[in-house]
Protein chains: 2
Amino acid sequence: MSAFESTNQTEIAGAHLYRNNARAIEISNENWEKAKENNLTHLKVNFSGRNESYELIETGKEFINICSCSYLGLSSHPAILQGAIDAIKKEKVLHLAMSTLRIRLGMKQRLEDELSSLFNTTVIQVLSASVANAGVLPVLASGHLTDGKPLVMVFDRFSHFSMAYMKPACADETMVLTCPNNDLNYIEDVCKKYPRVAYVTDGVYSMGGIATLPGLLELQEKYGLFLFFDDSHSISIKWKVGEGYIASQLNEINDRMVIIGSLGKGFGANGGIIMLGATKHADILRRYGGPMGWSQDMNVPGMGAALASLEIHKTPELTALQEKLEENIALFDELYPTANAGNGFPIRLATFGHEDDAVAAAKKMFDYGFYTSPVFFPIVARGKAGIRVMLRANLEREEVVRLCDCLKKTEVDIKG
Amino acid sequence: MSAFESTNQTEIAGAHLYRNNARAIEISNENWEKAKENNLTHLKVNFSGRNESYELIETGKEFINICSCSYLGLSSHPAILQGAIDAIKKEKVLHLAMSTLRIRLGMKQRLEDELSSLFNTTVIQVLSASVANAGVLPVLASGHLTDGKPLVMVFDRFSHFSMAYMKPACADETMVLTCPNNDLNYIEDVCKKYPRVAYVTDGVYSMGGIATLPGLLELQEKYGLFLFFDDSHSISIKWKVGEGYIASQLNEINDRMVIIGSLGKGFGANGGIIMLGATKHADILRRYGGPMGWSQDMNVPGMGAALASLEIHKTPELTALQEKLEENIALFDELYPTANAGNGFPIRLATFGHEDDAVAAAKKMFDYGFYTSPVFFPIVARGKAGIRVMLRANLEREEVVRLCDCLKKTEVDIKG
């Protein structure tokens, strides 16, 4: 006899409370297939210039990528590339191949210290923003960023997959709920019923909307609501030091607040950050935050790139890039207004409705020389498929004008 | 009224079927505190030489790190560092800041192609081995690497945290069980009861043991058992092309098998790999494998380093490094025999029993100039605390001799 305790249970399917691969695949895989058939996925390219223009290796076709999260164009900035190179030369090692909880390079410490100083809060720097989400959320759920007692975790329905992915883990620690997008009434009703509640959402949503911060701060004031934001899409792109949308609106990141950020989007380097209000819990997080403590951390060139980007963040060059991005966003909104026009953020969604139309639109745009990505359920709601457009500082005025012209032509072609 | 459906439920704590932060922290946090008080965590260092010798920034103390997973010393190999630098210069971008499912650099494709060719199977290359585990396991659980029907997932109790971390997500898709370490009878009993079963474990365990491969292959033959291995600790360190323990024992990685590997340990670069038997399911995995499809992938220098390491893997230099590692392991086993002596792998655990003794032993070893890491529950069983020693090719013979002498002295000091 082995230790296996056999039961009468024959049906093995899980409860599918928080995820359901079969359903997701049934609904959306055919759209992925169509995108692939139309050569809109699996593109292999050479990077060929300053403005995210690429050459398709197979055919030599040149196009501009309008789906890069490098909003300020910093990921190809010469000083940042040089920072990566210099770091390798200086440290003479690619990474330490062990947990940074035990041993870390001085350069890693300097990076965390400088990020903490720039953003005026305790910053823990990790391999990616999704590693940050995977590490922090279960520790928050069990109450170990607060008083040790579990919190009801309310996930916004639009919170990024990297957060939703952790719902089952959180649900093994505490109660997990999913609320309609930005629904303050829902969140308040949960706060009225339970003494400890955390709300989990994006600062700027990956499809372009933003969190309802003022209302959330009121709920925090009134009920002690814990606020967890992934603000990856807004780091660097605005504000004095590029502190991101949420942090820019606060006097301080208080001890009932965590902000996750990416250093791989606007910031122009790699990796993710945790801006931690509850500094006294940093050790707990480093020890029990799962992937945060495993052996693979951001490599030395990534650190060097981040340190070089930090220097740019202290100069007027940052402001100039932010202004150029702002101009491009405004120009786009003027020429091609979409639902989020005027919100000042770079992500726009041109909605086409049916999934086939979204794929056809993306194909047409690609023929015109712009890569925009078709998005469909579960990325957006069913029947709301569209193409995602992400503006950047390193697009010339005439390129934005041409982009909008092509979107209009495509719209006429598709919608008639 | 909001959409929140209030219930009478006042207790919010989760079922704690697969994880329990409160218990883990209660049991082990004081040990982490002791390790920290004894300056065995949070060490800040400069890398100072070829053999993972470091300088402690605070005091200038020099020591050799015996806890690096860079088993062949490749993470500081000049050709690999140069590969990272050259890649930045060639590509002129740090990364594309978008999902590789949509657009990827030619260099990324070349890396996957060359890894597939070297390891003679379909390889998907991702940000880290833990990202690979997080991405693949739920897709395997729901049956989307097989016939679309869920499999009972049997996790070995010793499987690495990065796998155990995904139990709750898998349990939302299917039945999840945890079996005693290497317990073939248990696994067979599950196979007798259920038609679809996957066993999830390490190839070489992070505390030094190995999987019971021959018995597992018999169960696969007899019942169609799906085998999922994380073989991160054994990539590169032995065998013709460094294919890892599991792959080295097989004629082919069949379509009921997945092997995860790390490129950040023996391989000397960064990132993780998925060796996929069921090639036809690769697209499903790229689309629905969570973090595998999000925007942060391994950066360009990491790719350049990996390509440079691939070149080394085709030369006699690999064999020479492997032989040097083998000599060092044999010498260690001869001079300081431990439970896993003779198994040919580089991880050894010197057991001290009580947690305080393990911390004291690590402190003494550090005073002698060797960083070994104290490990305690939940990394090892309670009351089995010890210090972990990881051998490398880039240790001189006299350093291994001195290491063993110091371990013996420490043992006398602690155990009397």
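A, B, ... follow the sequence lines: proteins, then strands. Residue 1 opens every chain.
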Colleague: Which atoms of Leu177(B) come close to chain A, meaning under 4.5 Å heavy atom to heavy atom: side chain ones, backbone ones, both, or neither?
Modeller: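 The answer is the side chain of Leu177(B).
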Colleague: Dump the intermediate steps for side-chain contact (heavy atoms from CB on, under 4.5 Å) on Trp294(A) and Ser162(B), then the final yes or no.
Modeller: CA-CA 8 Å; Trp294(A) 300 333; Ser162(B) 56; 3.4 Å; yes
Colleague: Heavy-atom distances under 4.5 Å only: say whether Val154(B) touches chain A with side chain, backbone, both or neither.
Modeller: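 Contact with chain A involves no heavy atom of Val154(B) at all.
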Colleague: What part of Asp86(A) gets closer than 4.5 Å to chain B, counting heavy atoms only: side chain, backbone, both or neither?
Modeller: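 Asp86(A) has no heavy atom closer than 4.5 Å to chain B.
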Colleague: At a heavy-atom separation under 4.5 Å, does Thr7(A) approach chain B through its side chain, its backbone, both, or neither?
Modeller: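 When you check distances to chain B, atoms from both the backbone and side chain of Thr7(A) fall under 4.5 Å.
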Colleague: Counting only heavy atoms closer than 4.5 Å, note whether Phe63(B) contacts chain A via side chain, backbone, both or neither.
Modeller: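 When you check distances to chain A, only side chain atoms of Phe63(B) fall under 4.5 Å.
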Colleague: Using heavy-atom distances under 4.5 Å, tell me whether Gln9(B) contacts chain A through its side chain, its backbone, both, or neither.
Modeller: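 Contact with chain A is through both the backbone and side chain of Gln9(B).
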Colleague: Under 3.5 Å, is there a donor-acceptor pair between the Tyr194(B) and Thr10(A) side chains?
Modeller: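 Tyr194(B) vs Thr10(A): no donor-acceptor pair found between side chains.
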Colleague: Under a 3.5 Å threshold, yes or no: a donor from one side chain and an acceptor from the other, between Ser2(A) and Asn185(B)?
Modeller: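 Looking only at side-chain atoms, Asn185(B) and Ser2(A) do not form any donor-acceptor pair under 3.5 Å.
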Colleague: Which heavy atom in Asn21(A) sits nearest to a heavy atom in Pro138(B), and how many Å separate them?
Modeller: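 Residues Asn21(A) and Pro138(B), closest heavy atoms: ND2-O, 3.0 Å.
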Colleague: Where on Leu151(A) is there a heavy atom nearer than 4.5 Å to chain B: the side chain, the backbone, both, or neither?
Modeller: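 Just the backbone, heavy atoms under 4.5 Å.
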Colleague: Go through Met98(A) and Asn65(B) one step at a time and tell me if the side-chain contact (heavy atoms from CB on, under 4.5 Å) criterion holds.
Modeller: CA-CA 10 Å; Met98(A) 67 183 301; Asn65(B) 179 15; 3.1 Å; yes
Colleague: Under 6.0 Å from the NZ atom of Lys92(B), do we count more than 12 heavy atoms belonging to anything else shown?
Modeller: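 Atom NZ in Lys92(B) is not crowded, with 12 or fewer foreign heavy atoms closer than 6.0 Å.
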Colleague: Which bit of Glu173(A) is near chain B, if near means a heavy-atom gap under 4.5 Å: side chain, backbone, both or neither?
Modeller: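 The answer is both parts of Glu173(A).
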Colleague: Please look at Glu33(B) and chain A and tell me whether the side chain, the backbone, both or neither of the residue comes under 4.5 angstrom of a heavy atom of that chain.
Modeller: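 It is both, since atoms from each part get that close.
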Colleague: Under a 4.5 Å heavy-atom cut-off, does chain A meet the side chain of Lys36(B), its backbone, both or neither?
Modeller: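 Just the side chain, heavy atoms under 4.5 Å.
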Colleague: For Met166(A), which atoms come within 4.5 Å of any heavy atom of chain B: side chain, backbone, both, or neither?
Modeller: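 Contact with chain B: side chain only.
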Colleague: Evaluate the side-chain contact (heavy atoms from CB on, under 4.5 Å) criterion for residues Ile25(B) and Arg287(A): first the C-alpha distance (whole Å), next the side-chain angles of each, then the deciding distance (0.1 Å), finally the verdict.
Modeller: CA-CA 9 Å; Ile25(B) 291 170; Arg287(A) 291 168 190 163; over 6 Å; no
Colleague: Quick one: what part of Thr174(A) sits under 4.5 Å from any heavy atom of chain B, side chain, backbone, both or neither?
Modeller: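 Both backbone and side chain.
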Colleague: What part of Ile57(B) is in contact with chain A, defined as an atom under 4.5 angstrom from a non-hydrogen atom: side chain, backbone, both or neither?
Modeller: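 Only the side chain of Ile57(B) comes within 4.5 Å of chain A.
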